[in-house]
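The block underneath contains the structure these notes are about, expressed in structure tokens.
FYI, side chains are in, hydrogens and waters are out, and symmetry mates aren't considered; it's all heavy atoms of this structure.
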Amino acid sequence: MTNSSKIFLSAKWLDLVFLNYAVEPESLRPFVPAGTALDSFDGKTYVSLVGFRFCETKLRGKVTVPFHSEFEEANLRFYVRRESDGELRRGVVFIKEIVPKPAIALAARLIYGENYVSLPMNHKISISEAGIDAEYSWKHNGAWSRIHARAYGAANMPVEGSLEQYITEHYWGYSRQNSGRTIEYRVTHIPWSVRHASKAGFEGDASGLYGDEFAAVLSRQPDSAQIASGSPIEVLTGSTI
């Protein structure tokens, strides 16, 4: 485990649903933080709509905040890379993140400059010998939207060099600040086992949260989808680059 003085937050991220959409790179360039470059896989640029469960959440890896240890998150993200001292760092940039806890959203905005909002949320997870059904939903402007996925069979480690591995194995986060600078932070976890989702999608009105261009992307079927089992994670203290 990491030195606790460097841990901002520890938790378990579980039952992660990834809906992945190939998009034109030009649509993402205005969001790319300084010091990073837009990443791609097999010549395609992706955004992912992701839903998952925060469990056993602790600040500094030690402090459990009452009523704030178990909750959902949904986020719209894309993928970037950065070279630092000869190391290639693959990371994510969040266009918007949703949680049901106002205090969590406020802390993330103030400390990391992330674009968090607080909305009512629910989830449904059904696991059987046949597979898993997962759903994450949120209420915005009086209407519910949802991410859903169904996968059959057992979870397995993604194939080396596969899209599933590319999507799930990013261990850095980058956030563009109002000053124009960039905050970089590390997220540590073991590689996740995944199930390919045979049925998955987004339902709802995305334009109010993400704008018309991203809403048009989310209105179509995802190009790929998977459900990752998840694991304990640590979000480390960030630094400005």
Side-chain angles (χ1 to χ4, degrees), residues 11-22 46-57 68-79 92 94-101 104 117-159 162-170 187 189-206 208-210 214-233:
K12 290 181 179 178
W13 288 352
L14 301 177
D15 304 321
L16 299 95
V17 174
F18 291 83
L19 309 182
N20 310 309
Y21 302 83
Y46 287 90
V47 298
S48 296
L49 187 60
V50 183
F52 62 97
R53 296 192 294 133
F54 262 96
C55 299
E56 300 178 25
T57 306
H68 287 76
S69 62
E70 312 275 331
F71 54 93
E72 304 91 347
E73 175 169 328
N75 63 65
L76 183 63
R77 63 173 67 179
F78 67 95
Y79 304 96
V92 300
F94 297 103
I95 295 171
K96 192 174 292 289
E97 298 168 86
I98 308 168
V99 291
K101 303 292 187 180
I104 298 290
V117 296
S118 175
L119 297 173
M121 294 190 72
N122 282 314
H123 74 274
K124 297 177 184 177
I125 307 293
S126 177
I127 301 175
S128 67
E129 291 184 359
I132 180 172
D133 283 276
E135 175 184 310
Y136 295 91
S137 58
W138 58 90
K139 190 176 184 180
H140 182 244
N141 289 338
W144 285 92
S145 299
R146 73 183 186 116
I147 305 167
H148 61 91
R150 174 177 296 172
Y152 297 102
N156 295 292
M157 298 306 298
V159 174
S162 65
L163 176 61
E164 288 78 14
Q165 184 186 54
Y166 169 80
I167 292 293
T168 57
E169 293 189 15
H170 284 78
V187 180
H189 62 80
I190 62 172
W192 294 327
S193 58
V194 300
R195 293 178 172 95
H196 171 74
S198 58
K199 183 179 181 181
F202 166 79
E203 296 176 8
D205 179 13
L209 283 173
Y210 305 120
F214 288 119
V217 172
L218 299 178
S219 69
R220 70 178 201 246
Q221 281 296 111
D223 294 289
S224 72
Q226 65 249 33
I227 303 175
S229 299
S231 71
I233 64 93

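- Between P191 and M157 there is a side-chain heavy-atom pair separated by less than 4.5 Å.
- A donor atom on one side chain and an acceptor atom on the other are found under 3.5 Å apart for S224 and N20.
- In terms of modelled atom types and a separation under 3.5 Å, the side chain of N75 and the main chain of F94 share no donor-acceptor contact.
- When all heavy atoms of V159 and S162 are compared, the pair lying nearest together is O-OG, 2.6 Å.
- In this structure, NZ in K12 is found 9.5 Å from OG in S231, a value given to the nearest 0.5 Å.
- Side-chain N or O atoms of E70 include one that pairs as donor or acceptor with a backbone N or O of E56 at under 3.5 Å.
- Between P222 and Y21 the shortest side-chain heavy-atom distance falls below 4.5 Å.
- Side-chain atoms of Y136 and I125, non-hydrogen and from C-beta on, do get closer than 4.5 Å to each other.
- In this structure, K139 NZ and N122 CG are separated by 10.0 Å, a value rounded to the nearest 0.5 Å.
- To the nearest 0.5 Å, atom CD1 of residue I98 and atom CD of residue E73 are 8.5 Å apart.
- No side-chain heavy atom of F18 sits less than 4.5 Å from a side-chain heavy atom of V194.
- Side chain of Q221 to backbone of A200: a donor-acceptor contact under 3.5 angstrom is found.
- F52 and F54 have tilted rings, their planes meeting at an angle from 30° to 60° on a 0 to 90° scale.
- Rounding to the nearest 0.5 Å gives a distance of 9.0 Å between OH of Y166 and OH of Y46.
- The stretch residues 149-158 participates, sequence neighbours left out, in these side-chain hydrogen bond (donor to acceptor under 3.5 Å, both in side chains) pairs: D133-R150.
- E72 and P100 make their closest contact through O-CD, 3.1 Å (heavy atoms, listed as atom of the first residue, atom of the second, distance).
- To the nearest 0.5 Å, the span separating OG on S126 from CD on E135 amounts to 11.5 Å.
- Annotation: side chain of W138 is in contact with side chain of I147 (closest heavy-atom distance under 4.5 Å).
- Under the 4.5 Å side-chain criterion, counting only non-hydrogen atoms from C-beta, L76 is not in contact with L209.
- The two residues V47 and F214 come nearest to each other via the heavy atoms CG1-CE2, 4.3 Å.
- Residues I132 and D15 have side chains in contact (heavy-atom distance under 4.5 Å, counting atoms from C-beta outward).
- Here the OG-NE2 distance, from S48 to H170, works out to 8.5 Å after rounding to the nearest 0.5 Å.
- In this structure, F78 and V92 have side chains that are not in contact, with every pair of non-hydrogen atoms separated by 4.5 Å or more.
- Considering all non-hydrogen atoms of both residues, D223 and A22 come closest at OD2-N, 2.8 Å.
- Contact between G230 and L16 at its shortest, heavy atoms only, is CA-CD1, 3.5 Å.
- Counting non-hydrogen atoms of other residues, nucleotides and ligands closer than 6.0 Å to NZ of K96 gives a total above 12.
- Side-chain atoms of S128 come within 3.5 Å of backbone atoms of A130 as a donor-acceptor pair (strictly under, hydrogens ignored).
- Here H148 pairs with nothing under the ring-ring contact (aromatic ring centres under 6.0 Å, His included) rule; sequence neighbours left out.
- Closest approach of S118 to K101, counting heavy atoms only: OG-C, 3.6 Å.
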